[in-house]
Amino acid sequence: MPSLGLPIYGQKTALETRRWKSLDELEARTAAEPGEFPEGAAETPEGLSRRGFLQVLGASVALAGLQACKPPREKLVPYVRAPAAVTPSVPVAYATAASEEGYAVGLVVQAHEGRPVKIEGNRLHPASLGGSDAIRQALVLELYDPARLRGFTREGRALAWSALLQEIAALGREHDKDGGTRLRFLVAPTSSPTLGDLRRRVLERFPRARFDTWSATGEGAQRAGAAIAFGRPLDATYDVAKADVILSLDSDFLAVEGEHLRHAREFASRREGDRMNRLYVAEPRFSVTGGMADHRLRMRGLEVAAFARAVAAELAGAGLAGLGPLGAHGEGERVKVARAIAKDLAGARGRSLVLAGARQPPAVHALAAAMNEALGNVGTTVHWRAPVLLDPRAGADSLRELAGELAAGKIDTLVVTAWNALHTAPADLELRKAFGKVKNSMVLALREDETVRAASWRLAASHPLESWGDLRSRDGTVSIVQPLITPLYESATEIDLLAAFVGEGDRGAWRLVREGWRARSGAPPAPLPLAGAAAAANPVDTNRPRRPDPYDRTWDEWLAAGVLTESAGKPEQVAADLGAVGDALGKLPVPAGGIELGFAPDYKIWDGRLLENAWLQELPDPVTKLTWENAAHLSPATAKRLGLASGDLVELARGGRAVVAPVLIVPGHADDAVTVALGYGQQVAGPVGKGVGFDGYALRTSDAPWFAGGAELRKTGKRTDLAVTQGHFSMEGRAIALALDHEELGRAKAELDEHRGEAPTILEPVDYSDRTYKWGMAIDLSRCIGCGACTAACQAENNIPVVGKEQVLRSREMHWIRVDRYFEGPAEDPKSVTQPLACVHCEMAPCEYVCPVNATVHSDEGLNEMVYNRCVGTRYCSNNCPYKVRRFNFFDYHGDVAPTLQMLMNPDVTVRARGVMEKCTYCTQRIQRARIDARVGGKKIGPDEVVPACAQACPAEAITFGNLNDPRSRVSRKHGDARRYDLLHELGTRPRTAYLVKLRNPNPELA
Amino acid sequence: MSALFSPRSNGIFRLVIAIVLAGAAGTVGALMVFARIPAGTGQQQQVGQPVQFDHRHHVQDDLIDCRYCHTTVDKAASAGIPPTELCLNCHSQVWNKSPLLDLVRASWFSNRPIEWVRVHRVPDFVYFNHAIHVNKGVGCVECHGRVDLMPAIEQVAPLTMGWCLDCHRDPNPRLRPLEEITSMTWEPEGDRVALGKELAKKYDVKPRTSCYTCHR
Amino acid sequence: MKAWVLGEFEREEPLYEAARALRARGHASLDIHSPYPLHGADHALGLKRSTVPIVALVAGVTGALTGYLLQWYTVAHDWPLNVGNRPPHSAPAFIPVTFELGVLFASLAIFFGLLGGYFGFPRTHHPVFEVEAFRSATIDALWLSVEVDGKDAEPIAQELRRLGARQVSIVPEAK
Amino acid sequence: MSTAEKTIQDVRALDGPPVLVGRPDDRALTESLLSPVLGPTRKGWVLLLLALLGGVGFWTLSLVTTLFVGIGAWGNNIPVAWAFDITNFVWWIGIGHAGTLISAILLLFQQKWRTSINRFAEAMTLFAVAMAGVYPVIHLGRPWLFWWLIPYPSTNQIWPNFKSALPWDVFAISTYATVSLLFWYLGLIPDLATLRDAAKTRGRRIVYGIMCFGWRGSARHWRHYRIGYLLLAGLSTPLVVSVHTIVSFDFAISQLPGWHTTIFPPYFVAGAIFSGFAMVMTLMIPARRLLGYQQVVTERHLDNMAKVMLATGLMVFYGYLMEWFMAWYSGSPSEAFAFLNRAQGPYQPIFLMQMFCNVVAPQILWFPSMRRNEIVLFIVSILINVGMWAERFVIIAVSLHRDFIPSSWGMYYPTWVDWGLFLGSICMFGLLFLLFLRFLPAIPLFEVKELRSELEHHGPNVYPGSEEEG
């Protein structure tokens, strides 16, 4: 079969058919041998032998004195039967998908000897285009979480899967009697066709049962808005690349909402060159998208609707008369702004885009839809499609109904597969109380949480990387979810569980998915096995010949690509009902006075489901740089008015509910508003999430899911230390992260020349121009959205430890690449620049000449090499590093790691010992792999072949890497760009990482 | 009348000083020597294995090429330790009742791997890649020695960093034609260094000594 | 058979006189023992300039050369690495170690040269220590010692008494 | 009285009080100066020893914690990768400069007043250098590999990097420690012989007899001894200057604002002498009272030391002024910021303490009466010790905590281990000093006797440089 050209370490790997075939077989075995997974490698995986490293050190303490002091000889453990897909020491990549609010995000997962280690985006998938984000990067850590729920219990009794099936069958027979009247399912939103089939079949068997879909986050408001405007719920997909002018009405579309990875890539593609787009953002809190705005208009969340109407009114004045009835002129300064925006939008008909945020009420979405239609954007920048979600109308209402039934004792069996409903449910539904009244509460979950603990049946869920399944993206493209590893613990997927309710629990998700798609694709049924005594006697023996099945090939192609080609749906023709939109707008409540309380999904732990993920906990929030907790965000002026400082603990109260929260002052936040990230403060948490943050859901009610007036902040007089990784957000007037208006770039050459080019030196710089490779990086600040995907990707690729809140408070975080955020201008309403900063590989590296033991020296290709095993840990290099990008192992961070977490280690990267300095290596392991592969094949490494983890993850393609001696490479072009400058050029360090000035494209009318 | 110290004290005192100085110097010297001799590097130790696998027999008598078992040596970093399956390719037919192979058969039927004892070990922070060496003309025998003469595998090279560097700085005397890469007995005709030079050009041999070549 | 004749003096001048007188009579193996260095003793005993400075100079130059060559060999010759683009042979950077090793070698040579070479130490036993009264030589008294043939001991002792010694002892060479 | 005689008399009058009180004979001198060694153990000494042992226990605990837990037990972080560790190191090394300075430089300049205090100061040097030497080893992330800084032929074929200031440090500190030890011990040998001969018990006589290698006060030895001793002094003089110069290179060769400055070598050397004399003063004032050394350590000594402190203090202040001037004159914003941050940043109290202790407090020494007031001197010397520690902390940690890129700025807060290693080292230093006072002659007997002899020959007030004729 043809190579699909998916990149792994810059090497072209043909995803051969047999790779997943062996996984199929593994899956087939799973039922028989639950909990067992194949021996990792033909040789002991490197990660497992890391302890040997410490032993070696110990031995060198003893001066290698005696034979007896040497570590015992290692064992070499080969396979008994070598799987065809695995070559020990060569990683293989598989395409799969993960769910985000029920939609697919295509992934390519790299596995070493059967251990998934690194996740990348799938270039072929519309929701990724090859980019990924921190949450997707961190999924692999979730897989290996030693605190995951294991096995199945009913009222404390451990059950094997087969026993569980019997008990579910018995339960089903009970409910058969009344057609499932007293049976309910509380599920998460999903687009999985297989789950759709199963739900249908469950409802066929139990016609009076019901599936209620609940997600605390998600984009229900958009579908509801479409329902207002077009009479039916529709999903919008945006072609951001085609938009010249974008108005975001509180939509964080670059980092959170919709197909944000694709949005970011398309948006970034319009942030350089002459066709720059222009972004207006109206929002209450400073978001990632807000940081990219050319004009950011801070306003309280409930004021956004009025502002949208003001823009609509001005649009009507600018020739889109149809919007007239929907508009309402604003007041004061906003009029001018709205007029300028409207003029800009109207001047870009068919090339503009209005987005409403998921936190805005449906009416605002309906208005945005109407504006897009009036601007002629439908069909160019906006596409409407029938939703692929199984239950597009789901929302708090169905949960309320369910809560009522539960409270009334009308339900005997509640099957919960939605994540931690007791934690996330609106506080006014009192679901916690009602939940206890159910006789059989059955919860399928990845880890123990509040809902699991309250349940009588506790079922461990398989991780997505252990599961078979299927998902669709917003445009309908189907992805098969395939496992990378057999489940580490006895667990089941949602497919398995629902299948159990229709008596097919023993078929296994693989068959259900595969055979379901055979039917859907119209392939002929599977041929019967060859007749004969041998085949009958040994059905598992896969070496026996089988009849050819043409579907095998189709299926394998789907798996290899990660998408079912041409499975996308067609956009629908729509016509907005402006009257309905107007009515809905008219019913919007008038924003109340006082302080507005806003909620937001967390950039890292989402709705809270990733609370136990230490990588994400330690990842600095993209905007505030806060780690390991959430806080009540306030604007500087509001904090001043209330006499509060960052770190003050306040009692945050609304409508008789209160929590204690630390205050964090965020520049650019709307005044008289407080924003709280959801998901923290969970009552039941594992070792990572225990006691982390406060529970925002406790204040959230179903009538005001995102914004509510009348919040109160009361001082408690106590303080806490907030673990913020960046204490200083001002550049202090220094030229660090440079930003210019697009117009200014031409005039700024002389100014920029001061920050690039040759610097005077008495040392003759080494000439690298005659080397085959001269590695270099370029970071385009104009593209960078500051999301932190690079940080997480680097953490996963390079075995970077997590240090915990205490150590972050001591400024000991270990991230090799950090994303600095600087605010410029007034603290109340600043502009922002984000700057990813890792080792810049100075040619005249200050760190090198101070190292007493030559542990950090220069390679012939100009890499600043950090040799861990030579390092004695003077930390002198860090002192002399002007960029402060070196990280020190203050403790033995890897000393006592759970066995599953050892499986997470990338065997191509040394696990660093205590007392050793470390830093970005430009992913040298990928360079070396590419080099060896190229040289074995007698070739040269291609100009853009080596892609470091950060560049690979970056959804905005802000980071480019390659050979500077090859003029064809992208990085060479970036280094020659007019916007290129060197960070701290005046020090003469000759960094190999060049930065490109961030460009802004402000509206001259608003200057 | 007596002095505080006897006349012999002078000699004793000098002897003590000499012993202390020699002891200090000797300790340092001995450690440095130890790091270079087989006892320190782990050479010359025949390592017992769970199955008495005799390379002599398989290589010399049966003329089996190294790559028959070590399948990935020219493709991957790891040379590959053969799976039980591979042993049984032959031993399901020959010696299939030998008690020496009990463990191999047990491994096959119980699906439990044979745990071989590692002989050649470089530290975890050293990333050795077999493929690049084998494809650039460094024969098996250069590092592993005359495996065909070993009843039990032992380490013949010191495997110290200095030893690696010696070859990386001057590979020519260790190169051989790719056709002879697994040969245990190949001898060059004529000057090996001259041949090495020629082969280095032919195979584009460019060993590197920058740290990241081996340490990552 | 040799013997040592020891005479204790209270003041410097008589001591010098006695030394000069004995030297005039041809006794070369004279020594003066005092608790602190006597400025006239060298002259009285006819001692030449010390050669310690030459030893120190040679050792110091050796040390400095060692230091420089060590640095040149290790970082510029044996394995020249690109360290922050600095030239491998970087003379200014080599100055401190060169200097320090020069000083170290010179100091070691002075100390061990003095003790082991010039003084012949350790020498916990010496015939002069046989005299209990000689303990004052490091406290407050000045002693003149003469190494003579056994048979000449007594006349020298007489002579010392005559020259003003407070007390005189004869120590025969131990067998 | 001739004009010349009058001039001499005037000059002598200027010279101040005598360097030796009274006209003791050698035996009396020996007895009085050796009484702390040969006399009975005093209760106060034992109590002080026990108290210091407690502190040493704390120190040991901190050391063990550091070795087993790692540098994480300290407050160090990125950006402040060096803090208390190197501060203590530089502080102790600085203190360790006074001994060699007093012994060597003053010997070369033939300042006779040095005789009474040089042994004391040298011992202090040794112990201070020993304390300093601990930090470069334990501050390593992997201290058990410290020997990788030493050039030896390894099987890795890799060598240390002599372009780094740290191998320079290794050579400088080890040379300095060695030479100081040799110099100190060479000076001790005649006195050890005196102890051997003056001690009452046979055991002590044997121990001191071994320690002096058989010194017998021979003029043939004295002849080489004096030259050798002078040569060692001559070598020590540039050495002592080089050591703190090289220590200052640790900072000066970097490019960190606040470190990267050419004035560091002289400024560090002056600071070292400043703090070293302060430490000698701190120890000497109580010691001379308790051990009855007033006869040989006179007001003259205190006065002269105070003058040196005043002079070096002014040099240090000049160093500060030049730093500030250069920060302004360079036009580099990060350089200017580094100094503004010292004065106005979060570590302002430490900066103010440094200024008060190092610049303001020593000014009282302009007054001769204050220079002879033991209490004032004691307080000022302690303040200078504190101030110099603060100076090093400000240079090291405060420069690091805010450098070029504001996003990487951070704060340093010490942990109990940091305090243990700092305060504990002071106790260990004190303990070593107590042992020294008890078991070795703290005042160089042979030199005092030589001085007495010279005074006898040349009159009560030996004018510097006048006794060497003939």
Side-chain angles (χ1 to χ4, degrees), chain A residues 57 60-61 625 725-734 736-737 807 810-813 818 820-822 835 837 846 848-855 857 870-880 882-892 913-917 983-984 986-989, chain D residues 69-82 86 136 139-149 156 158-170 250-251 253-257 259 332-334 337 396 399-413 415:
Chain A
L57 295 181
S60 59
V61 182
K625 302 297 161 192
T725 58
Q726 183 180 349
H728 220 83
F729 291 91
S730 155
M731 275 184 264
E732 295 290 328
R734 302 173 191 182
I736 294 170
Q807 298 304 315
R810 280 216 180 267
S811 305
R812 287 169 179 174
E813 64 273 9
R818 61 175 199 261
D820 293 339
R821 182 177 288 274
Y822 296 104
Q835 183 176 43
L837 184 53
E848 289 179 6
Y849 71 85
V850 297
C851 174
V853 291
N854 278 330
V857 295
R870 179 66 181 169
C871 179
V872 296
T874 66
R875 307 185 293 291
Y876 200 174
C877 52
S878 169
N879 289 344
N880 210 27
Y883 308 96
K884 288 286 174 286
V885 289
R886 290 177 157 265
R887 298 286 176 254
F888 187 68
N889 286 273
F890 284 96
F891 293 104
D892 184 6
R914 187 190 109 196
V916 166
M917 192 59 81
L983 186 55
L984 301 181
E986 68 273 21
L987 296 177
T989 52
Chain D
V69 174
I71 302 303
W74 301 353
N76 297 37
N77 56 26
I78 307 291
V80 190
W82 287 352
I86 304 297
H139 102 285
L140 296 180
R142 304 199 285 174
W144 50 90
L145 297 177
F146 74 94
W147 42 281
W148 284 3
L149 273 79
N156 297 341
I158 193 164
W159 300 97
N161 168 23
F162 287 106
K163 281 157 217 144
S164 165
L166 295 185
W168 306 348
D169 264 354
V170 170
D250 287 352
F251 311 106
I253 68 158
S254 81
Q255 43 70 66
L256 187 78
W259 285 17
S332 156
S334 29
F337 178 85
I396 294 168
S399 300
L400 279 170
H401 96 117
R402 288 182 170 179
D403 66 343
F404 293 98
I405 306 232
S407 70
S408 66
W409 291 359
M411 289 294 290
Y412 165 81
Y413 303 103
T415 63

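Per chain, numbering begins at 1; letters A, B, ... match sequence-line order.
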Quiz item: Checking heavy atoms, do the side chain of D:D250, its backbone, both or neither come under 4.5 Å from chain A?
Solution: both

Quiz prompt | CG on D:L400 to NZ on A:K884, rounded to 0.5 Å | solution = 6.0 Å

Quiz item: Ignoring hydrogens and geometry, is there a side-chain-to-backbone donor-acceptor pair from A:R818 to D:S407 under 3.5 Å?
Solution: no

Quiz item: Would you say the side chain of A:L987 lies within less than 4.5 Å of the side chain of D:F404, judging by non-hydrogen atoms?
Solution: yes

Quiz item: Would you say the side chain of A:Y822 lies within less than 4.5 Å of the side chain of D:I405, judging by non-hydrogen atoms?
Solution: yes

Quiz item: For A:C871, does its backbone N or O pair with a side-chain atom of D:R142 as donor and acceptor, under 3.5 Å?
Solution: yes

Practice problem: Flag the one option from A:R886, A:R870, A:Q835 with the top tally of heavy-atom pairs under 4.5 Å to chain D. | Solution: A:R870

Quiz item: For chain D, which of A:T989, A:L983, A:D820 has the most heavy-atom pairs under 4.5 Å?
Solution: A:D820

Quiz prompt | Winner by heavy-atom pair count (cut-off under 4.5 Å) against chain A, out of D:I396, D:I86, D:L256, D:I253 | solution = D:I253

Self-check item: Distance in Å, D:S334 OG paired with A:L984 CG, rounded so as to fall on 0.5 Å steps
Solution: 7.5 Å

Exercise. Determine yes or no for a side-chain-to-main-chain donor-acceptor pair under 3.5 angstrom, with A:R875 supplying the side chain and D:H139 the backbone.
Key: yes

Quiz item: Going by heavy atoms in the side chains, are D:I78 and A:F890 under 4.5 Å from each other?
Solution: yes

Quiz item: Contact part of A:R821 toward chain D, heavy-atom cut-off under 4.5 Å: side chain, backbone, both or neither?
Solution: neither

Self-check item: Interface moiety of A:E848 toward chain D, non-hydrogen atoms closer than 4.5 Å
Solution: backbone

Quiz item: Checking D:W259 against chain A: side chain, backbone, both or neither under 4.5 Å from a heavy atom?
Solution: side chain

Practice problem: Working to the nearest 0.5 Å, report the span between OH of D:Y412 and CZ of A:R810. | Solution: 8.0 Å

Exercise. Among A:C851, A:A855, A:G727, single out the residue with the greatest number of heavy-atom pairs under 4.5 Å to chain D.
Key: A:C851

Quiz item: Heavy-atom distance under 4.5 Å to chain D: side chain of A:T725, backbone, both or neither?
Solution: backbone

Quiz item: Looking at side-chain heavy atoms only, is the closest gap between A:I736 and D:P406 below 4.5 Å?
Solution: yes

Quiz item: How about D:P160 and A:P852: do any of their side-chain heavy atoms sit closer than 4.5 Å?
Solution: no

Quiz item: With respect to chain A, which residue among D:P333, D:A165, D:G75, D:G410 yields the maximal number of heavy-atom pairs within a distance under 4.5 Å?
Solution: D:G75

Quiz item: Which distance, rounded to the nearest 0.5 Å, do you find between the CG of D:N76 and the CZ of A:F888?
Solution: 9.0 Å

Self-check item: Greatest number of heavy atom pairs closer than 4.5 Å to chain D - which of A:N889, A:V885, A:N880
Solution: A:N880

Quiz item: Among A:Q726, A:M731, A:R812, which has the most heavy-atom pairs under 4.5 Å with chain D?
Solution: A:R812

Quiz item: Once you round to the nearest 0.5 Å, how far does CG of A:N854 lie from CG of D:N156?
Solution: 12.0 Å

Exercise. Examine distances only and state if a side-chain atom of D:N161 and a backbone atom of A:V850 form a donor-acceptor pair shorter than 3.5 Å.
Key: no

Self-check item: Heavy-atom check, side chain of A:V853 versus side chain of D:L149, under 4.5 Å
Solution: yes

Practice problem: Under 4.5 Å heavy-atom distance to chain D, tell me which part of A:S878 shows up: side chain, backbone, both or neither. | Solution: side chain

Practice problem: Assess the pair A:Y876 and D:W82: is the distance between their ring centroids shorter than 6.0 Å? | Solution: yes

Exercise. Can you tell which part of A:R734 gets under 4.5 Å to a heavy atom of chain D, answering side chain, backbone, both or neither?
Key: side chain

Self-check item: Which portion of A:P846 sits near chain D, non-hydrogen atoms under 4.5 angstrom
Solution: side chain

